[in-house]
Amino acid sequence: MPATPAWPPSSLPRLYVADRLEEGSAVTLEGPQANYLGAVLRVQEGAQVKLFDDRTGEWLAEVTEAGKRRVSLRLVGRLREREPVPDLWLLFAPIKKGRIDWVAEKATELGVARLVPVLTRRTIVDRVNCDRLRAHMIEAAEQCERTALPQLDKPQKLTRLLESWPAERSLLFADETGGEPMAAARAPAPAAILIGPEGGFTPEEREAIRALPQAEPVSLGPRILRADTAAVAAVSLWMAGAGDWQRHPPRVAD
């Protein structure tokens, strides 16, 4: 007997919407999202789409009106509740366009709860296009079936961040001068990972970080890593050891 196919199929279009979703409510999409559904996919009335809002989970919606500039949908029912997210922050010094976009995408896929660009003395990029970063985060969540998006903060100076650091949150910072292997670090949530700039932290910054009671220097191995590689490696190791990977092994997106 042939297996019963999954319903709704995973191949349905999947989009993030900013408005709160409720069963039976109507949703109107315009701009790039409408163009994607109406002009690229050429959906017709009655077609089904998956929607999520980062608050109430994932919903199945049915197209009630289709056009190239405007698509109207009606919510049919909820498919999933919003997923639980490990309480991990990723703090990183901004890097060049393209590579910082990649960090935002991968942090979203890996399940980071909050992204905080941190300005240090050796940071080579002092301006961050948060709108562009959020667009990359949304695209990653759409493709990888996430129902939750990380919070994205505006850039903060390292000194101010340390001054207001929460007492209950541990801080794992990648220290190029050495530290406990990241794979062996024990820092359950709430936790944060701090990745410095490509030139590394200054001695004064390193001293200030180490003076924080919650801070723990960690090593990411014997090889020199680029900042974007270090960020993804550190998050992956934390998720495997203290996050939710042991309960829910990662799946590969279609």
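No hydrogens, no waters, no symmetry mates; every other heavy atom, side chains included, goes into these values.
When side chains are defined from C-beta on, Arg132 counts as touching Ile100, because their heavy atoms get closer than 4.5 Å. Between Glu23 and Arg78 the shortest side-chain heavy-atom distance does not fall below 4.5 Å. With contacts defined as side-chain heavy-atom distances shorter than 4.5 Å, the pair Asn129/Lys97 does not qualify. The shortest side-chain heavy-atom distance between Val49 and Arg14 does not fall under the 4.5 Å cut-off. Annotation: side chain of Ile193 is not in contact with side chain of Trp89 (no heavy-atom distance under 4.5 Å). Using a 4.5 Å cut-off on side-chain heavy atoms (C-beta onward), Met182 and Leu220 make contact. Phe201 has its side chain within reach of Glu176: a pair of non-hydrogen atoms, C-beta onward, lies under 4.5 Å apart. In this structure, the side chains of Val235 and Val112 come closer than 4.5 Å at one or more pairs of heavy atoms.
In this structure, the separation between CD on Glu65 and OG1 on Thr28 is 8.0 Å, given to the nearest 0.5 Å. Atom-to-atom distance recorded for Gln214:CD and Leu162:CG is 10.0 Å, nearest 0.5 angstrom. Between Thr120 atom OG1 and Leu91 atom CG the span is 12.0 Å, to the nearest 0.5 Å. Taking CD from Glu139 and CG from Asp101, the interatomic distance works out to 10.0 Å, rounded to the nearest 0.5 Å. To the nearest 0.5 Å, atom CG of residue Leu172 and atom CH2 of residue Trp238 are 9.0 Å apart. A distance of 4.5 Å separates CG of Asp54 from CG of Leu149, quoted to the nearest 0.5 Å.
Tracing side-chain contacts under 4.5 Å through hydrophobic residues (I, L, V, M, F, W, Y), one reaches Trp165 starting from Leu158; they form part of the same cluster. Cluster membership for Phe92 and Val218, using ILVMFWY side-chain heavy atoms within less than 4.5 angstrom, is shared. In the hydrophobic clustering of ILVMFWY residues, with side-chain heavy atoms under 4.5 Å counting as a link, Leu90 and Val128 come out together. No chain of hydrophobic side-chain contacts below 4.5 Å, direct or via other Ile, Leu, Val, Met, Phe, Trp or Tyr residues, connects Met239 to Val85. No continuous path of hydrophobic side-chain contacts links Met137 to Val17 [ILVMFWY only; heavy atoms under 4.5 Å].
Remark: Arg82 does not engage Glu58 in a salt bridge, criterion side-chain N to carboxylate O under 4.0 Å. With salt bridges taken as basic N to acidic carboxylate O contacts below 4.0 Å, none links Lys50 and Glu142. Remark: Asp175 engages Arg210 in a salt bridge, criterion side-chain N to carboxylate O under 4.0 Å. Ion pairing of Asp228 with Lys106 is absent here, as no side-chain N (NZ or NE/NH1/NH2) approaches a carboxylate O to less than 4.0 Å. Of the charged side-chain nitrogens involved, none lies within less than 4.0 Å of a carboxylate oxygen, so that Arg122 and Glu198 do not count as a salt-bridged pair. Salt bridge present: Arg74 and Glu62 bring a charged side-chain N and a carboxylate O closer than 4.0 Å. Here Glu163 does not pair with Arg160 in a salt bridge; the nearest charged N to carboxylate O distance is not below 4.0 Å.
Between the side chain of Ser236 and the main chain of Val232, a donor-acceptor pair closer than 3.5 Å is present. With Asp53 contributing its side chain and Arg20 its backbone, the two residues share no donor-acceptor pair below 3.5 Å. Between the side chain of Thr123 and the backbone N or O of Asp126, no donor-acceptor pair lies under 3.5 Å. Side chain of Glu205 to main chain of Arg121: a donor-acceptor pair is present (N/O by atom type, distance under 3.5 Å, no hydrogens or angles). In this structure a side-chain-to-backbone donor-acceptor pair under 3.5 Å is present from Thr108 to Ala104.
Side-chain N/O atoms of Asp153 and Gln151 include a donor and acceptor closer than 3.5 Å. A donor atom on one side chain and an acceptor atom on the other are found under 3.5 Å apart for Glu83 and Thr147.
For Glu204, the CD atom is densely surrounded, since the number of other residues' heavy atoms within 6.0 Å is greater than 12. The local environment of OH in Tyr16 is crowded, with over 12 non-hydrogen atoms from other residues, nucleotides or ligands closer than 6.0 Å.
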In sequence, state the C-alpha distance, the side-chain angles, and the governing distance for Tyr36 and Leu15, and then conclude on side chain to side chain contact (heavy atoms under 4.5 Å, CB included).
-> CA-CA 10 Å; Tyr36 172 67; Leu15 295 173; 4.1 Å; yes
